[in-house]
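One structure below.
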Amino acid sequence: MGSDSERNYLVVAAIDFGTTYSGFAYSFRNDPLKINSPGVWYTGDSNLASYRTPTCLLLNPDRTFHSFGFKAENKYAELCTDETHHEFYYFEKFKMELYNKAGIPSDQLMLALEPEAASVYCLKVTAENMPCGEGSNIKTPGHQYLVADLGGGTADFGVHEVNEDGNLTELYSASGGPYGGDCVNVEYLEMLEVLFGKEAIENLKNNDLEEYLITCRGFENKKRIVSDEYCENFRLKLPAVLLENCDFETLNNKISSFYGKELVSLQKGKLKISPSLMKTFFDKSIGKIKEHILNVIKLNSKVKSVLLVGGYGGSNLLQSELKRTFPEKTIIMPQDSDLTVVKGAVLFGYYPVTISCRKMRFSYGVEGYAPFEKGKHPEGRKITNEFGEERCEGAFDLLIAKNTTVPTTGLNISRTYCAATSKQNFQYVDIYYTEEEEPVIVDGKCTFMKRILIPLSKYCGWERAVVHDFTFGMTELKHQAMILETGECVSNTFDLL
């Protein structure tokens, strides 16, 4: 975005589309650190309040906007109860659908990695906003720390080091998996399926969405107070329809067989769950998080701190488990951890070069017809073209290798590709990425990313060369192709997140 004198915008707004929950924040150019957010979102029932709202959208029958978040959930549930929902359009957990489209002009859109956004926020905010852990150390030059962004759907991790100039170098590129806080909710729903039957829970969701949402939100409320210190039983209200169709003798037998009456019991329409059983709902996700952090630390032995952000990062039980597992590491927890990423994304808009270097998460390259090299290329890939040259079909022309450190201001890689045959009217440049550091051919380990189509003039005996410039290091891959014969240029931008 350049220096202050080059900026012509008045406000930077950040939208955090999560798998389960979403939020937004913004600040004005004259006071970037005064970040505004909508505050608390209320469900309208279950006394559940959140700094973020569910990622769900409701459209009217004419496909115009109706509502988003809790309001959309509640309204759609009401429509379902009244059997008037059939002409409405309801979408949930559509985050990845935004990967290829969102309606924002590209020159006004910047994509930020969540661990990076969290780091930017923690570097810029004052000490009083970092109450848990030795937050001030995170700004010390040479300090290496692991960022754990623990949301509802996913957990993402990265490792950063503070430079002498106060900016950051990415030492370990963002990685993660589907073991966010939603895993805890899934464990509870699976218990209900064991006790009442999977079909009964599915019918509840399909036929009485309001009661289903109340059930899920009720558990979400209780989940937030689980800790090592909390020793009271948890009482969770059950939907009346589940109890109306329930055989209580069978239910009690299931309780005894699968859990034991000292851990679970049914009292006055509520499930009474012991603290010890409640904690087991966290085991799978916390186990995966600890395993991932351990693997990252093995690759980055100088990590001194773990910075927890995201809604699930606020779990007292999770924090205690991490302190026990990694006693030699400082656990840092910012205030309002739910909003750390989205507020950091606002600041990233003002200070994008706070992250001075990144490591490439994948190797990127172009599929082509490289000169065949015996011993390097598989014999089965060898072809002879119309000019009598031996070529490797589907060769991987490596542009940049995985784990290469590149400046966030951009690293340019240039390639010149010529028409493969005299009959070509277009040059196809297919970009792939892979986990392999030294790929030789495009195979099943490679993932197709994008096809670039360049028009070519009619063949008249010359090579018909096109110079391609690829710029890596930012959160997007910038590409420019220049057709040497005509001087025509074609530009593209592709998301690398």
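- Sorted by first and then second residue, the salt bridge (charged side-chain N to carboxylate O under 4.0 Å, His left out) pairs with a member in residues 225-234 read D228-K279, D228-R324; sequence neighbours excluded.
- Counting non-hydrogen atoms of neighbouring residues, nucleotides and ligands closer than 6.0 angstrom, the NZ atom of K290 exceeds 12 such neighbours.
- Within the structure, salt bridge (charged side-chain N to carboxylate O under 4.0 Å, His left out) contacts touching residues 151-174 (residues at least two apart or in different chains) do not occur.
- In this structure, the side-chain contact (heavy atoms from CB on, under 4.5 Å) partners of S337, at least two apart in sequence or on a different chain, are M333, T340.
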Evaluate H143 against S305 for side chain to side chain donor-acceptor pair (under 3.5 Å), listing each step before the verdict. CA-CA 8 Å; H143 187 85; S305 306; 2.9 Å; yes

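- The side chain to side chain donor-acceptor pair (under 3.5 Å) search around D283 returns none, not counting sequence neighbours.
- In this structure Y76 satisfies the side chain to side chain donor-acceptor pair (under 3.5 Å) test with no other residue, sequence neighbours excluded.
- Listed by chain and residue number, E78 satisfy the salt bridge (Lys or Arg N to Asp or Glu O under 4.0 Å) test with K75 (two or more places apart in sequence, or in another chain).
- Applying the side-chain contact (heavy atoms from CB on, under 4.5 Å) criterion to F258, with sequence neighbours excluded, gives V194, K254.
- A donor-acceptor pair shorter than 3.5 Å can be found between the side chains of N403 and E437.
- Screening residues 291-313 for ring-ring contact (aromatic ring centres under 6.0 Å, His included) gives F157-H292 as the qualifying pairs, with residues at least two apart or on separate chains.
- Under 3.5 Å, the side chains of N163 and S356 contain a donor-acceptor pair of N or O atoms.
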Residue pair F472, L399: steps toward the side-chain contact (heavy atoms from CB on, under 4.5 Å) verdict: CA-CA 9 Å; F472 293 90; L399 297 172; 4.1 Å; yes

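- Taking the ring centre of Y351 as origin, the terminal cationic atom of K124 falls inside the region bounded by 6.0 Å and 45° from the ring axis.
- For L243, the side-chain contact (heavy atoms from CB on, under 4.5 Å) criterion is met by F196, L238, F248, L266, not counting sequence neighbours.
- When the side-chain contact (heavy atoms from CB on, under 4.5 Å) test is applied to S37, the partners found at least two apart in sequence or on another chain are A25, L339, K343.
- Closest approach of T55 and G18 over heavy atoms only: OG1-O, 2.8 Å.
- Remark: H66 engages no residue in a side chain to side chain donor-acceptor pair (under 3.5 Å) (not counting sequence neighbours).
- For E436 and K402, the salt-bridge test fails: no basic side-chain N is under 4.0 Å from an acidic carboxylate O.
- Y172 and S175 are linked by a side-chain donor-acceptor pair at a separation below 3.5 angstrom, with hydrogens and angles left out of the test.
- Of the possible polar contacts, one joining the T215 side chain to the E211 backbone as a donor-acceptor pair under 3.5 Å is found.
- Looking at T330 and Y145, their side chains never bring a donor and an acceptor atom within 3.5 Å of each other.
- Comment: E202 does not engage K205 in a salt bridge, judged by the lack of any side-chain N to carboxylate O separation of less than 4.0 angstrom.
- Checked against salt bridge (Lys or Arg N to Asp or Glu O under 4.0 Å), D16 has the following partners two or more places apart in sequence or in another chain: R52.
- We find that K445 and E435 are not joined by a salt bridge, their nearest charged nitrogen and carboxylate oxygen being 4.0 Å or further apart.
- Checking T434 against S363 by side-chain atom types alone, no donor-acceptor pair falls below 3.5 Å.
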